[in-house]
Amino acid sequence: MNYLLRILALSVAVMLISWLLPGVYIYDYGDAIIVAFLLGILNTFLKPILVVLTIPITIITFGLFLLVINALMVSLVSRWVSGFYVDGFGYAILFSILYSFVSYLLKPQDSVKLKN
């Protein structure tokens, strides 16, 4: 149930980000749900593989190459979903930064328990 609510909240974020960025277009809320779902699947399965394969370049760029990986996944999803379009790689990077920030805010945080 929490996963479904997270996907719905992220789809609202996709809609808002497309409203904020002039180079990102989303046709309707159904497409936003599909985009959020596909990005979640790619972040779960494909991103860890890409991160491991690109460790040397990620270290050289002090982790900034992870933005490129995220932008590539956004570009991939924009090719798969006909109602989602990203104008270029720069907008894909901006979209991935904003989407990652919202995703981080929606992730359940572990609370620190203090011992007496």
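All values reported here derive from a predicted model rather than from experimental measurement. Residue numbers run from 1 in the order of the sequence given.
Here CG of Leu72 is found 9.5 Å from CG of Leu46. Values are rounded to the nearest 0.5 Å.
Clustering ILVMFWY residues whenever any of their side-chain heavy atoms sit less than 4.5 angstrom apart, transitively, puts Phe45 in the very cluster that holds Ile34. Tyr27 and Leu76 fall into different hydrophobic clusters, defined by Ile, Leu, Val, Met, Phe, Trp and Tyr side-chain heavy atoms under 4.5 Å apart, directly or through other members.
Of all heavy-atom pairs between Leu106 and Arg6, the closest is C-NH1, 3.4 Å. Contact between Ile93 and Leu67 at its shortest, heavy atoms only, is CG1-O, 4.3 Å. The shortest heavy-atom contact between Phe95 and Leu21 is N-CD1, 3.7 Å. Considering all non-hydrogen atoms of both residues, Val86 and Ala92 come closest at CG1-N, 3.5 Å. Looking at every heavy atom in both residues, Phe37 comes nearest to Ile7 through CA-CD1, 3.9 Å. Here the closest heavy-atom approach between residue Pro22 and residue Tyr91 is recorded as CG-OH, 3.6 Å.
Classification of the Tyr85-Tyr25 ring pair by plane angle, with boundaries at 30° and 60°, yields parallel.
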Using side-chain contact (heavy atoms from CB on, under 4.5 Å), reason through Leu10 and Leu39 one step at a time and then give a plain yes or no. CA-CA 10 Å; Leu10 287 173; Leu39 283 174; over 6 Å; no
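Of the residues listed (Val51, Leu50, Thr44, Ile49), the one engaging Lys47 in a side-chain contact (heavy atoms from CB on, under 4.5 Å) is Val51, and it is the only one.
Counting heavy atoms of neighbouring residues, nucleotides and ligands inside a 6.0 Å radius, atom OH of Tyr29 exceeds 12 of them. More than 12 non-hydrogen atoms from other residues, nucleotides or ligands lie less than 6.0 angstrom from CZ of Phe89.
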